[in-house]
Amino acid sequence: MSNPFTAAWSEQGHLICLGRWEISYQGRPLEIPQPKAEEDMGTYGIYSFLYPDDPEFAEGLNEDDWVLENIDWLSDLFIENDIPIDEQHARWFYQAVNGSDWRCGSCGGCT
């Protein structure tokens, strides 16, 4: 089965910090709770504008640690939206948001 979640951050470029998460499950939009809806998700990546390939600038939690750290609000979200509460769905959620995650300053603007 392929990932049933899709995730995108609504803004790019120098307006990245003004965006919000647009996440859906099997095509149904999810309402992400505040303040998570308007913040980075804290997933692992290199978010440096100047050094996008330098692992020295990597930050965030890897998949296992992120799932453990976020399981409370993620479980609530899954219950509210009839999404199975299991490890695979939590991992799919992480993988979906990780591809669009960001950090303040990752656009090269203010830091």
Side-chain angles (χ1 to χ4, degrees):
M1 177 178 192
S2 62
N3 193 333
F5 293 97
T6 59
W9 185 252
S10 67
E11 294 294 336
Q12 300 297 315
H14 294 295
L15 298 175
I16 199 166
C17 59
L18 300 176
R20 67 188 180 324
W21 283 105
E22 297 171 344
I23 302 173
S24 63
Y25 175 73
Q26 295 182 336
R28 288 180 310 164
L30 302 176
E31 186 173 329
I32 305 303
Q34 292 294 342
K36 290 286 185 195
E38 297 175 353
E39 296 178 344
D40 69 75
M41 284 285 181
T43 63
Y44 183 82
I46 302 171
Y47 300 100
S48 171
F49 176 75
L50 296 174
Y51 306 103
D53 298 321
D54 189 340
E56 289 288 320
F57 292 92
E59 62 180 274
L61 297 174
N62 66 35
E63 190 171 302
D64 292 336
D65 293 337
W66 188 91
V67 169
L68 290 173
E69 179 89 12
N70 292 277
I71 196 64
D72 290 338
W73 74 266
L74 201 57
S75 294
D76 291 341
L77 178 71
F78 285 9
I79 290 167
E80 291 169 9
N81 290 279
D82 297 320
I83 299 170
I85 303 173
D86 58 29
E87 181 180 352
Q88 184 60 63
H89 280 80
R91 289 182 180 283
W92 277 327
F93 187 94
Y94 175 95
Q95 293 162 12
V97 298
N98 183 243
S100 296
D101 211 355
W102 62 281
R103 295 297 186 276
C104 183
S106 61
C107 66
C110 57
T111 55

Checklist entry - How many angstroms lie between CD1 in Ile23 and CD1 in Ile32, if you round to the nearest 0.5 Å? => result 4.0 Å
Checklist entry - Quick one: does Ser10's side chain have a donor or acceptor within less than 3.5 Å of a partner on Trp21's backbone? => result no
Checklist entry - Can you tell me how far the CD atom of Glu38 sits from the SG atom of Cys17, to the nearest 0.5 Å? => result 11.0 Å
Checklist entry - Are Leu50 and Phe57 connected, step by step, through hydrophobic side chains (Ile, Leu, Val, Met, Phe, Trp, Tyr) whose heavy atoms are closer than 4.5 Å? => result yes
Next on the checklist: Looking at Asn81 and Ile83, would you say the former's side chain and the latter's main chain have a donor-acceptor pair under 3.5 Å?
Outcome noted: no
Checklist entry - Would a distance-only check, ignoring hydrogens and angles, find a side-chain to backbone donor-acceptor pair under 3.5 Å from Asp101 to Met41? => result yes
Item to check | Residues in ring pair (Phe, Tyr, Trp, His ring centres under 6.0 Å) contact with Trp92, at least two apart in sequence or another chain | outcome: His89
Checklist entry - Taking all atoms of both residues into account, what is the closest heavy-atom pair of Ile46 and Asp53, and its distance? => result CD1-C, 4.0 Å
Next on the checklist: Measuring only between side-chain heavy atoms, which start at C-beta, is Glu31 closer than 4.5 Å to Leu77?
Outcome noted: no
Checklist outcome for this item: So OG1 of Thr43 and CG of Asp65: to nearest 0.5 Å the spacing works out to 12.5 Å
Checklist entry - To the nearest 0.5 Å, how far apart are CD1 in Ile85 and CD1 in Ile71? => result 8.0 Å
Checklist entry - Is there side-chain contact between Gln26 and Phe5, with heavy atoms separated by less than 4.5 Å? => result no
Checklist entry - How long is the span from the OG atom in Ser100 to the CG atom in Asp40, to the nearest 0.5 Å? => result 12.5 Å
Item to check | Min side-chain heavy-atom separation Asp86-Phe78 under 4.5 Å | outcome: no
Item to check | Closest non-hydrogen atom pair between Trp66 and Leu74, with its separation | outcome: CZ3-CD2, 3.9 Å
Checklist entry - Are Leu30 and Ile79 connected, step by step, through hydrophobic side chains (Ile, Leu, Val, Met, Phe, Trp, Tyr) whose heavy atoms are closer than 4.5 Å? => result yes
Checklist entry - Do Val67 and Glu87 come within less than 4.5 Å of each other through their side chains, counting heavy atoms only? => result no
Checklist outcome for this item: In terms of heavy-atom contacts, Tyr44 and Tyr94 come closest through N-OH, 3.2 Å
Checklist entry - Heavy-atom count around Glu56 CD within 6.0 Å, excluding the residue itself: above 12? => result no
Next on the checklist: Check this for me: Glu69, atom CD, are more than 12 non-hydrogen atoms of other residues, nucleotides or ligands nearer than 6.0 Å?
Outcome noted: no
Checklist entry - What orientation do Phe93 and Trp73 show, parallel under 30°, tilted 30 to 60°, or perpendicular over 60°? => result perpendicular
Item to check | Sidechain-backbone polar pair: Arg20 side chain, Glu39 backbone, donor-acceptor under 3.5 Å | outcome: no
Item to check | pair Glu11-Trp102: side-chain heavy atoms closer than 4.5 Å | outcome: no
